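Contents: one structure, followed by commentary.
Note that the structure is predicted; figures quoted are calculated from it, not measured.
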Amino acid sequence: MNSFLPAYFTESVTRQYGADAAERIFEGMAGRRKASLRVNRLKAEPADVEKALTENGIAYERMSWWEDAFLLPNTMESELWKLPIYEQGGIYLQSLSSMLPPLALEPKAGADILDMAAAPGGKTAQMASLTGNKANITACEINKIRAEKLQYNLQKQGATRVSVMVRDARKLEDFFRFDQILLDAPCSGSGTMLESDPRTTKAFSEKLVRNSAATQLQLLKKALTLLKSGGTVVYSTCSILEMENENVVKAALKGVKAEIVPIGIPDLPPLPTSLPGALCVCPTDSYEGFFMAKIQKK
Ligand code: SAM
């Protein structure tokens, strides 16, 4: 059943979670994953989205954990591209799991926020939507082409208080200070693998996991430097491997005065984590595997 998955992944998952949970993870990666969208409050309300979907005969489910999240059980993403509400930026196609880190961060109006690894910008725009464009967001992205896509998405969604920086976030000057930081780190993508989409398994390798973990640690250490005292950072990856998640957070926090703040988003399919307060989402037909931890600097 899991023959499409790389052996290093299945072995690592079985070692980390045990045979029963590993089986659940592999089942969640078999077949397809349902499409989902986020309401962009800068341009639309949930009622507008319900109306547009109903008029076009598109079935949807609402999520108990957030009124702006819609799951589309029977619809392909490409069917949404032609809807005027999509063309006008009133909705953004975003996986359910990737909506969680900005919710965990709870971006505040008036705050100086850094999105350290921002393209293509789903979470940057979500933070602009959550704050009604009232936070000062700096969106950093190392890759120039991806930064252009980020800029395009922000403009389309009407996210007006975002400055895009094309930079390696590890090299940001240490004198910057932010109230809130989102580090949605580059990762192996191990939580996104799907039988129906060979692109999701192609790049995965042990080397990628190890290289990602090294970069993630450098980025998280930088985030903790750039954070004001009392400020919070949310560290997230779309990987479910401890080498990129719990181990990175534990290593970054060594010698730093900071604590983990529990993330209390309900009704998600959980995976066990060795970091109390962190949240690890099990891959299912609706959710990608995802990890996040919220850290407050003292
Ligand atoms: N947060 C994005 C979203 O929600 O649309 C997805 C971010 S993706 C997981 C990670 C991004 O980090 C990629 O666009 C990658 O090019 C960028 N990246 C990788 N290393 C980086 C670095 N050192 N500094 C800044 N960005 C980096």
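Judged purely by atom type and a 3.5 angstrom limit, Q296 has no side-chain atom pairing as donor or acceptor with the backbone of T232. A side-chain donor-acceptor contact under 3.5 Å links K297 to the backbone of L227. A donor-acceptor contact shorter than 3.5 Å is absent between the side chain of D48 and the backbone of A44. In this structure, the side chain of E79 engages the main chain of M76 through a donor-acceptor pair within 3.5 Å.
Between L183 and S236, the closest side-chain pair of non-hydrogen atoms is not below 4.5 Å. Side-chain contact between F291 and S239 is absent, with no heavy-atom pair separated by less than 4.5 Å. Here the side chains of V234 and I181 are not in contact, with every heavy-atom distance at 4.5 Å or above. A 4.5 Å side-chain heavy-atom check between Q155 and Q157 finds every atom pair outside the cut-off. Side-chain contact check for S205 versus Y8: every heavy-atom pair is 4.5 Å or farther apart. Counting heavy atoms from C-beta on, the side chains of P102 and T124 never come closer than 4.5 Å. Contact annotation: the side chain of N133 never approaches that of V162 to less than 4.5 Å [non-hydrogen atoms, C-beta and beyond]. The shortest side-chain heavy-atom distance between R33 and D285 does not fall under the 4.5 Å cut-off.
Counted within 6.0 Å of NZ on K207, heavy atoms from surrounding residues, nucleotides or ligands total 12 or fewer; the atom is thus considered open. Heavy-atom contacts from other residues, nucleotides or ligands closer than 6.0 Å to OH of Y152 number 12 or fewer. In K250, the NZ atom is crowded: over 12 heavy atoms of neighbouring residues, nucleotides or ligands sit closer than 6.0 Å. Heavy atoms of other residues, nucleotides or ligands lying less than 6.0 angstrom from NZ of K156 number more than 12.
Using a 4.0 Å cut-off between charged nitrogen and carboxylate oxygen, R167 and E173 count as a salt-bridge pair. Under a 4.0 Å N-O distance rule, the pair E45/R41 qualifies as a salt bridge. Look at K222 and D174 and you find a salt bridge, because one of the NZ, NE, NH1 or NH2 atoms lies within 4.0 Å of a carboxylate O, short of that distance. D68 and R38 are not joined by a salt bridge, as no carboxylate oxygen comes within less than 4.0 angstrom of a charged side-chain nitrogen. Salt bridge status for E11 with R15: absent, with no side-chain N to carboxylate O gap under 4.0 Å. Salt bridge annotation for K123-D184: present, with a cationic side-chain nitrogen under 4.0 angstrom from a carboxylate oxygen. Here R62 pairs with E50 in a salt bridge; the nearest charged N to carboxylate O distance falls below 4.0 Å.
Note that CZ of R170 and CG of L220 are 13.5 Å apart. Values are rounded to the nearest 0.5 Å. The CD atom of E77 sits 10.5 Å away from atom OG1 of T75, with the distance rounded to the nearest 0.5 Å. Taking CG of L42 as the reference point, atom OG1 of T160 lies at 7.5 Å (rounded to 0.5 Å). Taken from CE in M29 to OG in S190, the straight-line distance is 6.0 Å, to the nearest 0.5 Å. To the nearest 0.5 Å, the span separating CD1 on I142 from CG on D168 amounts to 4.0 Å. Rounded to the nearest 0.5 angstrom, L217 CG and E244 CD are separated by 12.5 Å.
No chain of hydrophobic side-chain contacts below 4.5 Å, direct or via other Ile, Leu, Val, Met, Phe, Trp or Tyr residues, connects L279 to V261. A single hydrophobic cluster is seen to contain both L37 and W81, as judged by linkage of ILVMFWY side chains at heavy-atom distances under 4.5 Å, directly or through other members. No path of Ile, Leu, Val, Met, Phe, Trp and Tyr side chains, each step under 4.5 Å between heavy atoms, connects V49 with M99, placing them in separate hydrophobic clusters. Criterion: ILVMFWY side-chain heavy atoms under 4.5 Å apart, direct or through other members. Under it, V249 and L226 are part of a common hydrophobic cluster. Residues L275 and F290 do not share a hydrophobic cluster, defined by chaining ILVMFWY side chains whose heavy atoms lie under 4.5 Å apart.
Between F204 and F9, the two ring planes are perpendicular [angle over 60°; tilted spans 30° to 60°].
What you find for A69 and L96 is that their closest heavy atoms are CB-CD2, 4.2 Å. Minimum heavy-atom separation, A147 to A119: N-CB, 4.3 Å. Of all heavy-atom pairs spanning V281 and I240, the tightest one is O-CG2, 4.0 Å. K294 and L105 make their closest contact through NZ-O, 3.9 Å (heavy atoms, listed as atom of the first residue, atom of the second, distance). Residue T201 comes nearest to F4 through the heavy atom pair CG2-O, 3.9 Å, listed as atom of the first residue, atom of the second, then distance. In this structure, G121 and L150 approach most closely via the heavy-atom pair CA-CD1, 3.4 Å.
Within the cation-pi definition used here (under 6.0 Å to the ring centroid, within 45° of the axis), K43 does not qualify as a partner of Y92.
Screening residues 256-284 for salt bridge (charged side-chain N to carboxylate O under 4.0 Å, His left out), with sequence neighbours left out, gives E259-K298.
With hydrogens and angles left out, the side-chain atoms of T192 and E288 include no donor and acceptor closer than 3.5 Å.
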Item to check | side-chain contact (heavy atoms from CB on, under 4.5 Å) evaluation trace for F26 with T14 | outcome: CA-CA 10 Å; F26 304 149; T14 307; 4.0 Å; yes
Checklist entry - Between T273 and E246, is a side chain to side chain donor-acceptor pair (under 3.5 Å) present by the stated rule, with each step listed? => result CA-CA 7 Å; T273 165; E246 290 90 343; 2.8 Å; yes
